[in-house]
2 protein chains.
Amino acid sequence: MAIHKKEEFTQKEQDLANFAKAMAHPARIAILKVLAQRNACICGEIVDLLPLAQSTVSQHLKELKNAGLITGTIDGPRSCYCINWKAFEKFNSEFSFLFANLKLKNEKACC
Amino acid sequence: MAIHKKEEFTQKEQDLANFAKAMAHPARIAILKVLAQRNACICGEIVDLLPLAQSTVSQHLKELKNAGLITGTIDGPRSCYCINWKAFEKFNSEFSFLFANLKLKNEKACC
DNA sequence: ATCTTATATCGCAAATATACGATAAGACTA
DNA sequence: TAGTCTTATCGTATATTTGCGATATAAGAT
């Protein structure tokens, strides 16, 4: 890439983009589903459920964690992961607001 | 990348991921804002408002179009772009459903 | 027909993302 | 202490994304 231009956008735009980026892979969406459906949250269980290698799952978990969508705490030799509902709610409402805001201002498309 | 594994997830997971991917750049979020705030929809106006080259904006528009988030029609020598509200609503509700579904099943985090 | 204007596409370079196996790190167990 | 189990990180290969300038295309103007 020539130069990074992402910084030239507003913080909110960057935040939303980062959130979207974290969700921009089916494996990560599947992981979020697993984390919610069971209260288990153990890395190994996720590995068993997904068609991916352990290291790959670990990488996806790290990205979700970096994006703030999940939290991870060490539980003996295991790692317990859980969804960060607060962040989720925040981004969900931010998205909804964006959509609502857009829709409000321009109900019908011009093309 | 070794092998593509994205196909091994459900179609819904892939759809959501693709939607998120389309939103996963501040420039594209900014474009969506511009498309909504003005009824203009002209490519050149977007170029003027963003800190990006014309070709780069055109590429982002193409990606948004490929993702189905916007529509584009040729208007003489110009291109008129508009938000595809239908797709937007669909994905928004799908996201909301995902969030709600997750939150319902697991109110409190275990870690 | 030629020029201008607006947009799309091509071709390239650099950054990121994605995937895996190998290995390190940390915590229980014998 | 040594062995085992679980998870994280490293190193590497490839795909994709991102960005730009250059060029092609298409429509209107001269």
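All of these numbers come straight from a predicted model, not from anything done at the bench. Order of the sequence lines sets the chain letters (A, B, ...), proteins ahead of strands, with each chain counted from 1.
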Would you say the side chain of B/Ile83 lies within less than 4.5 Å of the side chain of B/Phe88, judging by non-hydrogen atoms?
yes
Checking A/Asn18 now: which residues fulfil side-chain hydrogen bond (donor to acceptor under 3.5 Å, both in side chains) with it, not counting sequence neighbours?
none
Please state how far atom [atom1] in [X] lies from atom [atom2] in [N], giving the value in whole angstrom units.
X       : N      : atom1 : atom2 : result
A/His25 : C/dA17 : NE2   : P     : 12 Å
B/Arg78 : C/dA8  : CZ    : P     : 12 Å
A/His60 : D/dT9  : NE2   : P     : 15 Å
A/Arg28 : C/dT16 : CZ    : P     : 15 Å
B/Ile31 : C/dT7  : CD1   : P     : 13 Å
A/Leu52 : C/dC20 : CG    : C1'   : 10 Å
A/Lys65 : D/dT9  : NZ    : C1'   : 13 Å
A/Ile42 : D/dA8  : CD1   : P     : 10 Å

Choosing from D/dG19, D/dT7, C/dA8, which nucleotide comes nearest the side chain of B/Ser79?
C/dA8
Any side-chain N or O of [X] under 4.0 Å from OP1/OP2 of [N]?
X       : N      : value
B/Tyr81 : C/dA6  : no
A/Lys21 : D/dT17 : no
A/Ser58 : D/dT9  : no

Heavy atoms within less than 4.0 Å of DNA chain C: which residues of residues 7-14 of chain A have one? Give them sorted by number.
none
Return the CD1 to OG distance between B/Ile42 and B/Ser79, rounded to the nearest 0.5 Å.
8.0 Å
Enter the distance from B/Phe91:CZ to B/Asn84:CG here, rounded to the nearest 0.5 Å.
9.5 Å
Show me, pair by pair, the donor-acceptor contacts under 3.5 angstrom made by side chains of residues 60-70 of chain A, not counting sequence neighbours?
residue, atom, partner, partner atom, Å
A/His60, ND1, A/Arg28, NH1, 3.1
A/Glu63, OE1, A/Arg28, NH1, 3.0
A/Asn66, ND2, A/Lys62, O, 3.4

Whether the side chain of A/Gln14 engages the backbone of A/Lys6 through a donor-acceptor N/O pair (distance < 3.5 Å, no angle test) should be reported.
yes
Counting N and O atoms only, with roles assigned by atom type, does the side chain of A/Glu94 sit under 3.5 Å from a partner on the main chain of A/Leu16, one being a donor and the other an acceptor?
no
Using a 4.0 Å heavy-atom cut-off to protein, can you give one letter per nucleotide of nucleotides 21-30 of chain D, 5' to 3': B if the base is in contact, S if only the sugar-phosphate is, - if neither?
BB----S---
Which pairs of donor and acceptor atoms, one on a side chain in residues 50-59 of chain A, lie under 3.5 Å apart (sequence neighbours left out)?
none

Output every pair passing salt bridge (charged side-chain N to carboxylate O under 4.0 Å, His left out) with a member in residues 8-21 of chain B, not counting sequence neighbours, ordered by first then second residue.
A/Lys33-B/Glu13
5' priority, DNA chain C, between A/Val57 and B/Val47 [closest heavy atom]
B/Val47
